[in-house]
Amino acid sequence: MKIAFVGKGGSGKTTLSSLFIRHLVASGAPVVAIDADINQHLGPALGLGEEEAAALPAMGEQLPLIKDYLRGTNPRIASAATMIKTTPPGEGSRLVGVREPNPVYDACARPVELDGGAARLMVTGPFTDADLGVACYHSKTGAVELFLNHLVDGPDEYVVVDMTAGSDSFASGMFTRFDMTFLVAEPTRKGVSVYRQYKEYARDFGVALKVVGNKIQDPDDVDFLREEVGDDLLVTVGRSDWVRAMEKGRPPRFALLEEANARALDLVKATVDATYEQRDWERYTRQMVHFHLKNAESWGNERTGADLAAQVDPHFVLGESVATPA
């Protein structure tokens, strides 16, 4: 199951992402965690020290390897150089799973130990001085989008992505890559403004969206969010001594998380799991192709010197039935 956490900067989306990842690992589930936020805070939120987090391999720097591996023997893709972030898989492409070993994980993922279990952590990489004036940070997240386009995940397998802040997630088609998107919102006008933008943009693409209210202090905060977002409000999270200790770099055992917050994470997981039966791989593939053709026409063809529309395999539908071991 593919899950995104979004929200305005400072809403607590990275904290909630990390708590949910810990919750999944504690349940024994296999988890791939991806930091697609250019600010790169997920590693520290999962307990890594500053030096450890800084040493994580950046997916953006491994893009040639990622492209070459995913291209496989797909005859519609002449070379890895003609692949862009939206290139869809087709017959002959290599697909990736959550549990398997493969060269992409070898190059880009590192295990993070969490209370006896572990998650695979992948990061886009930070925006560096070398990028100033010559690149936008959306180019950094292209490796994540390409990876998700070739990912086949099943029930009880989880990919959790901490997305860019605000409505910048809509700068690519990656916002349609998820079974469930959780928007983390504070009980303020600014807190719900991103929700309104996301709801409007996502409506035409059938994006499943739920709101997690964060930094809740009293029933009035809950009432405010309920009035603003209605039935999209799934659950609320209040003050947490466990999170406070985690932010100091001294998290207790995860089993000591407050009972109310543990129940909230249970509900988040149950909501994710319930979406499995509603999966529509044909729609998922159509949306992938839609954004690829849009990018090909607007900039991809000119940049690569190729007709990228020809990369689309009209008979291919991504899904568990086409997944093969690496």
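Keep in mind it's a predicted model, so treat the numbers as computed, not measured.
- Side-chain heavy atoms closer than 4.5 Å link hydrophobic residues (I, L, V, M, F, W, Y) into clusters, and following such links, possibly through other members, connects F182 to L24.
- Taking the six-membered ring where tryptophan is involved, the planes of F175 and F205 are perpendicular, since the angle between them exceeds 60° and thus also 30°.
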Report, one line per pair, each donor and acceptor closer than 3.5 Å where one atom sits in a side chain of residues 300-309; sequence neighbours left out.
| residue | atom | partner | partner atom | Å |
| --- | --- | --- | --- | --- |
| N301 | OD1 | L308 | N | 2.8 |
| N301 | ND2 | A296 | O | 3.4 |
| T304 | OG1 | G300 | O | 2.9 |
| T304 | OG1 | A306 | N | 3.3 |
| D307 | OD1 | A309 | N | 3.2 |

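- Proximity of K210 to T181: side-chain heavy atoms (C-beta onward) are nowhere separated by under 4.5 Å.
- Screening residues 220-230 for salt bridge (Lys or Arg N to Asp or Glu O under 4.0 Å), with sequence neighbours left out, gives R196-E228.
- Contact of the K190 side chain with the K8 side chain is registered, since non-hydrogen atoms from C-beta on lie closer than 4.5 Å.
- We find the CG-CG distance between L63 and D68 to be 11.0 Å, quoted to the nearest 0.5 Å.
- Qualifying side-chain contact (heavy atoms from CB on, under 4.5 Å) partners for E247, counting only residues two or more places apart in sequence or in other chains: T15, V243, R244.
- Of the residues listed (L225, V211, V184, L233), the one engaging Y195 in a side chain to side chain contact (heavy atoms under 4.5 Å, CB included) is V211, and it is the only one.
- Atoms CE and CD1, from M59 and I66 in turn, are 4.5 Å apart once rounded to the nearest 0.5 Å.
- The residues R177 and E145 are annotated as not salt-bridged, no charged nitrogen and carboxylate oxygen being separated by less than 4.0 angstrom.
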For residues 104-116, tabulate all N or O donor-acceptor pairs below 3.5 Å that involve a side-chain atom, not counting sequence neighbours.
| residue | atom | partner | partner atom | Å |
| --- | --- | --- | --- | --- |
| Y105 | OH | G97 | O | 2.6 |
| R110 | NH1 | D106 | O | 3.1 |
| D115 | OD2 | F254 | N | 2.6 |

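- The number of heavy atoms from other shown groups lying within 6.0 Å of CG (D231) does not exceed 12.
- The CG atom of L42 sits 6.5 Å away from atom OG1 of T14, with the distance rounded to the nearest 0.5 Å.
- Taking 4.5 Å as the limit, some side-chain heavy atom of Y158 sits within range of a side-chain heavy atom of D273.
- In this structure, H315 and E91 have side chains that are not in contact, with every pair of non-hydrogen atoms separated by 4.5 Å or more.
- Annotation: side-chain hydrogen bond (donor to acceptor under 3.5 Å, both in side chains) contacts of S240 (sequence neighbours excluded): E258.
- Sorted by first and then second residue, the side-chain hydrogen bond (donor to acceptor under 3.5 Å, both in side chains) pairs with a member in residues 20-32 read H23-D266; sequence neighbours excluded.
- Under a hydrophobic-cluster definition in which Ile, Leu, Val, Met, Phe, Trp and Tyr are linked whenever side-chain heavy atoms come within less than 4.5 Å, directly or via other members, V268 and I34 are assigned to different clusters.
- Taking the side-chain contact (heavy atoms from CB on, under 4.5 Å) definition, one finds that T87 meets it with I77, M83, I84, L146, H292, Q311, sequence neighbours left out.
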Inset, instruction - Kindly indicate, with the supporting measurements, whether the criterion side chain to side chain contact (heavy atoms under 4.5 Å, CB included) is fulfilled by K199 and R203. - result: CA-CA 6 Å; K199 183 76 171 178; R203 184 177 293 113; 3.8 Å; yes
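- A distance of 3.0 Å separates OG1 of T275 from CE of M1, quoted to the nearest 0.5 Å.
- The side-chain contact (heavy atoms from CB on, under 4.5 Å) test applied to A260 returns R263, not counting sequence neighbours.
- Sorted by first and then second residue, the salt bridge (Lys or Arg N to Asp or Glu O under 4.0 Å) pairs involving residues 24-51 (not counting sequence neighbours) are K13-D37.
- Side chains of V212 and L183 form no contact here, defined as non-hydrogen atoms less than 4.5 Å apart.
- Between the N214 side chain and the A185 main chain, no donor and acceptor come within less than 3.5 Å of each other.
- In this structure, the separation between OG on S17 and CE on M163 is 10.5 Å, given to the nearest 0.5 Å.
- Of the possible donor and acceptor atoms, none in the side chain of T141 sits under 3.5 Å from a partner among the backbone N and O of V144.
- Annotation: side-chain contact (heavy atoms from CB on, under 4.5 Å) contacts of P64 (sequence neighbours excluded): none.
- Legend: residues meeting side-chain hydrogen bond (donor to acceptor under 3.5 Å, both in side chains) with D179, ordered by chain and number and at least two apart, are R279.
- Remark: side-chain polar atoms of W242 are paired, donor with acceptor, to backbone N or O of R253 under 3.5 angstrom.
- Y276 and Y284 fall into different hydrophobic clusters, where Ile, Leu, Val, Met, Phe, Trp and Tyr are joined by side-chain heavy atoms under 4.5 Å apart, directly or via other members.
- In terms of the side-chain hydrogen bond (donor to acceptor under 3.5 Å, both in side chains) criterion, Q287 has no residue partners (sequence neighbours excluded).
- Remark: side-chain polar atoms of E157 are paired, donor with acceptor, to backbone N or O of G154 under 3.5 angstrom.
- Transitive grouping of hydrophobic side chains (ILVMFWY, heavy atoms separated by less than 4.5 Å) brings M122 and L70 into a common cluster.
- Residues V237 and V192 fall into different hydrophobic clusters, defined by Ile, Leu, Val, Met, Phe, Trp and Tyr side chains chained together at heavy-atom separations under 4.5 Å.
- Checked by atom type and distance alone, the side chain of T285 pairs as donor or acceptor with a backbone atom of L318 at under 3.5 Å.
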